[in-house]
Every structure is written in C-alpha cells, then in structure tokens.
Amino acid sequence: MSTRKRYWLMKSEPEDFSIDDLARVGTEPWTGVRNYQARNFMRDGMRVGDEVLFYHSNTDVPGIYGIAEVASTAYPDPSQFKKSSKYFDEKATEETPRWFLVDVGYVRTLAHPISLAQIREHSTDLGEEFALIRKGARLSVLPVTSAQWKLLLSLEKKR
DNA sequence: GCCAACGTTGGC
DNA sequence: GCCAACGTTGGC
C-alpha cells in the first residue's frame, strides 16, 4: 500500500467558512458533508498530511483561495446526533454513525486566488472528467491527482 | 434570484 | 426495482 501523500479539493461557501476563517482558527472539523461520495473520500481516502485545495463556492469569484491539510483521521460528524443542528440525521446513531469528517488544518492563503474561469481554461490538461469542472458535478470533496495539483498551483503565479 | 443538474426519498 | 417528486448545489 502506498504511503504517498494524496491530494484533494474541498469546497466551502466563504460566507459560512472561508480560508480566512481557517487561518484564524488553525484547525476545523469539516462538518456538514451529507453526500455519500464525499463522505467516502473523507472516511476511506484521506490520511493525515494529505494536501487540500481550499475552494470557495457560491461567491462572486469562485475558485481556489488557499491550501489546507488533512489534520486527523476520519471520525463521526457530531452534528448528525444533535437534534438542534441543521445537520441532524435521525437515522444515525452513535453505534452506527452515517456521516464522517476529518479535521482540516490551515497551511496558507494563495497570493492570487485561482478562479474557476482560469481553471476552466485548462480543462483539456486537467481532463474532462475532473469533477470540479465536469458539467453538473456538485461534489464538495473530491480527489485531485498530483498532476492536476501541480497544474492548478502553477496558475497561482500567472494570474 | 434563477435554474440546470444531480442525489435522495418513498410510493407503488 | 422503477421513477416521479423533491431538495440541494453552485454557477451565473
């Protein structure tokens, strides 16, 4: 089994939680993911030290605004058990939790954000299947290959 | 605010 | 197991 670092992209609405918020708190439990595919990536794919592109969605200029890292192994998302939470899931129990999360740690804020428009310009190189730009894809946690990672971060300097 | 695309739910 | 209805995501 490979121990090589893996790469991911995680979306957040900056009004809810931005890269600046992460910079402030340092580490944050990535609560509220309620999509099975995204959950599986966190639960089964992520390892401490993996690197994460921090993406702002649902905002004026959607795109990659920072770098984060996986700071914990996966554990049950506490919000699924809290009746008062908007993420409460009545079908989840402590014995058989349904939703998992990881802690995400701040690494750095990009000097120049990489906009979705910029990213789209490189769709050929990134691959049409790249879930960030695939038509209609709404995954909030998705894997990034090391080639994609390299290409995307090379756009930081170009602007 | 609109709405296309998609995932989930639940009746049958 | 099908699929219509519904809810959500997220770009624009």
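A nucleotide of DNA chain C counts as in contact with chain A when one of its atoms lies under 4.0 Å from a heavy atom; the first and last such, 5' to 3', are dG7(C) to dC12(C).
Between Ala137(A) and Lys91(A), the residue whose closest nucleotide on DNA chain B is further toward the 5' end is Ala137(A). Mapping Arg98(A) and Asn58(A) onto DNA chain B via the closest heavy atom, the residue that lands nearer the 5' end is Asn58(A).
Both tests do not hold together for Arg39(A) against Phe100(A): distance to the six-membered ring centre under 6.0 Å, angle to the ring axis within 45°.
Salt-bridge formation is not detected for the pair Glu69(A)/Arg108(A): no Lys NZ or Arg NE/NH1/NH2 atom is positioned less than 4.0 Å from an Asp or Glu carboxylate oxygen. Salt bridge annotation for Arg34(A)-Asp89(A): absent, with no cationic side-chain nitrogen under 4.0 angstrom from a carboxylate oxygen.
Using bins of under 30°, 30° to 60° and over 60° for the plane-to-plane angle, the ring pair Phe54(A)/Phe17(A) lands in the tilted bin.
Not counting sequence neighbours, Arg120(A) has no partner by the salt bridge (Lys or Arg N to Asp or Glu O under 4.0 Å) test.
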